[in-house]
Structures are given as C-alpha cells and as structure tokens.
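Working notes, structure below.
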Amino acid sequence: MASNARIAADLAKIADLLELTDANPFRVRAYRNAARTVQDAPRPLAERVRAGEDLRSLPGIGKEIAAQIVRKVGGGAMEPLEELAGEVPPGLLEVVRVPGVGPKRARVLWRELGVDGLDALEAAAEGGRIEGLKGFGAKTQQAILAGVASVRRFAERVRRADAGRTVAPLVAWLEADEAVRRLEIAGSFRRGRDTVGDLDLLVDTDDHERTMARFRAYDDVDQVLGSGSEKTSLTLSDGLQVDLRAVPAESFGAALQYFTGSQAHNVRLRKRAQERDLRLNEYGLWRPSDETRVAGADEAELYRALGLPWIPPELREDRGEIEAAEADALPRLLERGDLVADLHVHSDWSDGTADLRTMMRAAREHGLSVLGFADHGPALRMTGGLDRAKLLRQHEALAELSDAVPGLTVLRGLEVDVHADGGLDLDDEALALLDVVTVSVHGAFDLSEAKQTERLVRAVSHPLVHVLAHPTGRLIGRREGIRVDLHAVIEAAAAHGVALEINANPARLDLDERWARTALEAGVPLSVASDAHGPEGFAVLEHGVLQARRAWATKDRVINAWPLARLRSFLAKEP
Ligand code: DGT
Ligand code: CA
Ligand code: CA
Ligand code: ZN
C-alpha cells in the first residue's frame, strides 16, 4: 500500500527532477507544496482514494497532482517520474540532497562538470574543479565535501516519524491475526529517537510459524533477510529493515526491556543485577542459585526487582537516569496533553495553506487553547512575508475573529528573520505591536562559527524577542545545522528571558535532545512548536514532545504548557 510518506517522497522527487530539468518554477512549487500537504495529512490518502473522495479538497492539490496520487495508490508510477527519469542521471538526485547544493546548483554541476552522482561530486570537489564555477567558490567547494560525507552518514537512518507511518499498517496487519496476543515496537523507536536505524518488533503469539509466515506475506516486503520460528528480519519496499521476534508471555517484559535498549542503559542494568547476585537477559531476571525467574512478564516489575522505579524509555540512554531513579528523582516528563499553546503557526497570510479561522479551529481540535500566529516577516518575500502595513491588516483580521472559536485565545506573533549581522528584519516600533516575537535564521547558513554566534547572541539579546525558533536550522537527512557556539546563545537566552524552540517538524526536531537539555540545565525554558503550515500540521506536536522528553523536560519548563497568565507574564518579561 502506498503510505503518505511514500507518496510525499515521490512528489518531492518530481519537484527535484522538474527543477533539475529547468521546468516552470510554478510547477516545481506546486509539487513541493503538495509533498508537504501529503506528509502532514493525518489520514492515509490511499484510504481517501478508495473511499472515492476528491483529493482536490486538500490544500495545494490540484487536478494534475491528484491524478498522479491516484495512479500511485492504484499501484502505478507517477507519470512525471517516468518521463523525467530518462532525462536525468539517477545519481543526480543524491547530489541534490547534499547540503549547500540543492537542485539549481546540481543542474550547474551536472551541465558544466558532468557530475552525475556523489562520487563524481566528491572527485570534482577534491580536484578543485568546483570553485571556478560561476556562483560557487572555495568555501562552497569545502562545504560540498563535508556535505557529501554527511549525506552518506544520513543514508543509514530514517526519520522516526517516517518509520512510524511505514510501520503502522504493518502492525495493524500483524495484529489482525487472532494468534497474536500482544505486539510492541521496541528499540530506538520506543525510546523516541529522532531517527531510527531499524525497527524492532516483539510479538507474543499462539502460533510462531503462522505469525512469521504472515509477516513475510505482508504486501510491502522487499526482501526477507532471514526467517525462523523465533525471529524474522526483512526489508520493506522503502528500504526500512524490520526485525520481528516471538517472545513468550512470561518473558515479554524482559524482552521489551532488553530490546528497547539502549545498549548503554542495558549494560548498567545488567551490572546492577550482578551486584544483587542476579542475572539479567532477554528472558528474565534470574536468581542463578536455583534458576528461578524473579521477574520477566512485566517490565515495571523487572525494574522494581532491581530496586528502581520504572524508567520512561525516552530516558534510557545512561545519561543519569539510573542515578535519578535510585534517588527517586526521575522527572515527571512533559506529555502531549500538557501542551496548552502553540506559538509558531503559519497561515495563508504568508506561506501557510489555510486562513486564520481554519488554523484557529484546527488548533482547538488539537486540544489547544492558545494559538500564536507566527507568519513570516518581510525578508521572506517569496513566502508573502508581512511588512508593517500587512501586519496591521492581519491584526485587524484577528480582532474580527477574536470570538470566532470558543475556548481559543489568539496571540499576535511573527517569525522575524535574523539578518546576517544579528539585526532583526522589523523595526522595534512594529515589533512592539506583537504579543510574541519569534526570531529565526533562514539564510547565511555558512557564516563562520564566530560570526554565527555573534549573530544569534545579538538576536536573543534584543529586548523585544521571546523565542528563538529552530535554532540550528538543521534538516534531518538533508542539512547539518549552522556552526554556532550554542553555549553562548543559551547563556544569552538565559540572561534575556528568551525561550528556545523545539521545532516539532520531524524534518527539523531542532533543538536536538542534547542541546535542549543543555538549555534547560542553564535555566532556559523551551517552546515546543508545530511550525504548522496547514490545519493538519498540528499533529507533529507529538514528535516535539518526544524530543522534549528525551531532553528531560517537565511541563514546568515548557512555556507553551503554562497557563495563559504565566505565559503572558513571561511574554511581558516580568522577572
Ligand atoms: P537503531 O536501530 O540504530 O536506531 O538503535 P536501536 O537502539 O534500536 O538498536 P538495535 O536495533 O541494534 O537493537 C535494539 C536494542 O536491542 C538495543 O537498543 C539494545 C538491544 N541490543 C541489540 N543488540 C544488542 C547487543 O549485542 N548487546 C546488548 N547488550 N544489547 C543489544
Ligand atoms: Ca532498532
Ligand atoms: Ca534491530
Ligand atoms: Zn515557521
């Protein structure tokens, strides 16, 4: 079945191919926007197609693209993919993904130097042939070399959110069999990591052979790597590897613990067991003297038998969680239901796909009672960014909508671009009209670390700024973050009462878990924000919450989990 992730990937690929072949920029943009819409859609499009729904009701999906999606769902290939595939060397698509390249530059590299893949790109950079090209330089050439290395590194891992979309129908398929009593996803997926290497499924089943056979018979299987009655490993058509292990009920908790990991956490637990004259493995916690099982069926019971409270999987990285558990000082981690507000949301006043009212309704439907619009400011002209006059018009529109959605308070914000020198893209008088000032970086990614640090420190030191959004600008699998001394930025944020964002978009998850934790430890609060560009964009908040949990965040340290009065006093910069 064509998952939304896979449909989105095809649409994005078409956008890249179109751009590589110098097609009409509007058509390129249409495919790119459609890819995002599909990626954000909560319901499988395949289901909508089968139900005979018209996909054109989705924002940004017109006749041509709807027809291509229907083809894909029906098992065919999207036509532009086939048409364009012959025009462009396949390796060029990987070149597009190299940080600092993108489709426009890839086209130049291909036409001028015959670069048709990563190897050719690397050779051209090493041979110094890129710096001489128009629009490139020695610095770009250097960045491309580093970029090639990072693309190769990223290629081995998948975003957790993508893996989640791929695995959901597989889990449903396995659970639909009555032999299956229990099924859990373990591994890094359960720990909530932003990317996963592979998926680890555990199943308690009445009939091993039958369950393994059913797994192999799933219609999305690419290759069976190995299969027995206890374990089967295979890859799905998008390349994701899935391991399925059959586990007896009396060992299920122990297996869940073992295969959730991390390895570092497990090493500590095993040692702890030894110190208590016990032995821990994936079948249980054992007393070797008489071979009795002290715990095994239940994960919490296993931790208890080791003298510890149950530790949330997100913390299991041996980063202090065992010590905290021992001291009964585990944090009460943030939960999705704690989020009251979302302070970074776009509308069609800039590059969002929906109007203010639609976004307000959607926020309420996603359980929020405070919505902070943060459309782009004037610098991002291609997004229709708001200058002062347009901002005032938006505020009028918001005033008229003030009672439109019961139970929802709207805050007037803007996502203001930070210039390369750290200055803001809007004057103070205009900024003062806003309830929430969010700043972020959308260009000049390649400044030196010193310059970049100066830039961000200056931005967060501005007295009218409240939040620094997606602080490093990283795009998982596509672009490393900017080079910046985040310690210095965090220090400045702490001094000026500025929050740092965890952007919940699964492509960003920026700050990452380590820096988010460092920020919290320095007393800087977080804002977990969807950066929604359409009504379905709020769904990503769950990914941001996972990231916050991995950073040890409690709701007390997340400004959009605070009651409105407390949030307002933060925004007023009250001490
Ligand atoms: P991934 O797949 O790279 O995102 O990361 P994980 O953590 O899912 O790692 P994976 O799939 O290799 O194994 C899942 C868990 O199983 C891992 O976190 C700990 C446990 N595990 C697997 N192999 C070993 C091993 O050789 N020794 C120990 N102690 N634990 C292992
Ligand atoms: Ca794994
Ligand atoms: Ca594995
Ligand atoms: Zn944004």
Side-chain angles (χ1 to χ4, degrees), residues 36 153-160 162-164 167 184-202 225-226 231-235 240-245 247 254-271 273 279-282 313-318 342-347 349-353 359 372-377 379-380 383-386 413-418 436-442 467-471 473 475-476 501-505 507-508 510 527 529-534 537-538 540 544 550:
R36 183 154 67 189
R153 224 175 18 256
F154 280 136
E156 292 150 28
R157 302 188 68 81
V158 214
R159 289 180 202 154
R160 182 185 184 279
D162 292 344
V167 79
E184 300 285 347
I185 309 177
S188 53
F189 187 90
R190 182 166 180 243
R191 300 201 309 281
R193 278 196 62 175
D194 45 21
T195 61
V196 300
D198 67 6
L199 288 175
D200 308 279
L201 306 189
L202 302 177
L225 306 171
K231 181 185 170 190
T232 296
S233 291
L234 48 75
T235 55
L240 187 66
Q241 182 179 327
V242 188
D243 300 337
L244 176 70
R245 289 182 175 81
V247 176
L256 186 58
Q257 197 291 314
Y258 181 93
F259 290 108
T260 295
S262 65
Q263 201 149 323
H265 175 88
N266 287 358
V267 167
R268 291 287 306 275
L269 274 200
R270 259 199 310 279
K271 214 155 99 209
R279 191 159 49 84
L280 178 62
N281 59 25
E282 61 266 52
E314 294 90 339
L315 300 184
R316 298 183 194 171
E317 299 288 346
D318 190 21
D342 187 343
L343 301 177
H344 184 170
V345 170
H346 296 262
S347 74
W349 282 72
S350 64
D351 61 347
T353 57
M359 293 306 283
F373 281 108
D375 276 309
H376 290 290
L380 273 72
T383 70
L386 282 65
L414 201 70
E415 181 175 11
V416 182
D417 201 45
V418 179
V436 191
V437 176
T438 296
V439 294
S440 64
V441 159
H442 289 97
V467 185
L468 173 62
H470 43 77
L475 292 176
I476 296 175
E501 182 181 87
I502 290 184
N503 190 290
N505 182 323
R508 291 190 182 271
D510 177 17
S527 173
S530 69
D531 203 353
H533 282 70
F538 292 100
V540 302
R550 287 180 61 79

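Start at 1 and go down the list; that is how both ligands and their atoms are numbered.
Closest to atom 5 (O) of ligand 1 by heavy atom, among Ala186, Ser188, Ala255, Ala163, is Ser188. Between the choices Arg245, Arg316, Arg190, Gln263, the shortest heavy-atom distance to atom 25 (C) of ligand 1 belongs to Gln263.
Put simply, part of Thr260 is less than 4.0 Å from ligand 1, judged by heavy atoms. Residue contacts with ligand 1: Arg270 is included, with a non-hydrogen atom under 4.0 Å away. For the ligand labelled ligand 1, residue Arg193 lies outside the 4.0 Å heavy-atom shell.
Counting all heavy atoms, side chain and backbone alike, Glu282 lies closest to Phe259 at CB-CE1, 4.1 Å. Taking every heavy atom of both residues into account, Ser347 and Phe373 meet most closely at CB-CE2, 4.1 Å. Nearest heavy-atom pair across Ser440 and Glu415 is OG-OE2, 2.8 Å. Annotation for Asp510 and Gly473: closest pair OD2-N, 2.7 Å, computed over non-hydrogen atoms. When all heavy atoms are compared, the tightest approach of Asp375 to Ser350 is OD1-OG, 2.6 Å. What you find for Ser188 and Asp198 is that their closest heavy atoms are OG-O, 4.3 Å.
For the 3.5 Å distance criterion, the side chains of Thr195 and Arg157 qualify, holding a donor opposite an acceptor. Residues Asn266 and Gln257 have side chains that bring a donor and an acceptor to within less than 3.5 angstrom of each other.
Residue, atom and distance of the protein heavy atom nearest to atom 15 (C) of ligand 1 are Phe259 O, 3.2 Å. The protein heavy-atom contact nearest to atom 9 (O) of ligand 1 is Asp200 OD2, 4.7 Å. Annotation: atom 3 (O) of ligand 1 to nearest protein heavy atom, Arg157 NH1, 3.2 Å. At the shortest separation from atom 11 (O) of ligand 1 among protein heavy atoms lies Asp198 OD1, 2.9 Å. Given atom 21 (N) of ligand 1, the protein heavy atom at minimum distance is Tyr258 CE2, 4.0 Å. Counting only heavy atoms of the protein, atom 17 (C) of ligand 1 lies nearest to Gly261 CA, 4.0 Å.
Near Gly187, with a cut-off below 4.0 Å to any heavy atom, the atoms of ligand 1 are 8 (O). Contact atoms of ligand 1 toward Arg191: 7 (O), 18 (O) (distance under 4.0 Å to a heavy atom of the residue). Atoms of ligand 1 found under 4.0 Å from any heavy atom of Val196 (numbered from 1 in listed order, with element): 4 (O). For ligand 1, the atoms closer than 4.0 angstrom to any heavy atom of Gly197 are 1 (P), 2 (O), 3 (O), 4 (O).
In this structure the side chain of His346 reaches within 4.5 angstrom of the side chain of His376, judged on heavy atoms.
Each of Asn503, Thr438, Asn505 was compared with Asp531 under the side-chain hydrogen bond (donor to acceptor under 3.5 Å, both in side chains) criterion, and only Asn503 meets it.
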Practice prompt. Run the numbers on Ser262 and Arg191 for side chain to side chain contact (heavy atoms under 4.5 Å, CB included), then give the verdict.
Written response: CA-CA 8 Å; Ser262 65; Arg191 300 201 309 281; 3.7 Å; yes
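Using a 4.0 Å cut-off between charged side-chain N and carboxylate O, Arg190 and Glu184 make no salt bridge.
Geometry note: the Zn ion (ligand 4) is the vertex, His346 NE2 and His344 NE2 are the arms, and the angle is 100° (rounded to 10 degrees). The Ca ion (ligand 3) is the vertex of the angle joining OD1 of Asp198 and OD2 of Asp243, which measures 110° to the nearest 10°.
Its N, O or S atom nearest to the Zn ion (ligand 4) is what matters here, and for Glu415 that atom is OE1. For Asp200, the N, O or S atom closest to the Ca ion (ligand 3) goes by the atom name OD1. Take the N/O/S atoms of Asp531: the one nearest the Zn ion (ligand 4) is OD1.
The aromatic rings of His442 and His470 sit perpendicular to each other, their planes meeting at more than 60°, with 30° as the lower class boundary.
At least one protein heavy atom sits closer than 4.0 Å to atom 7 (O) of ligand 1.
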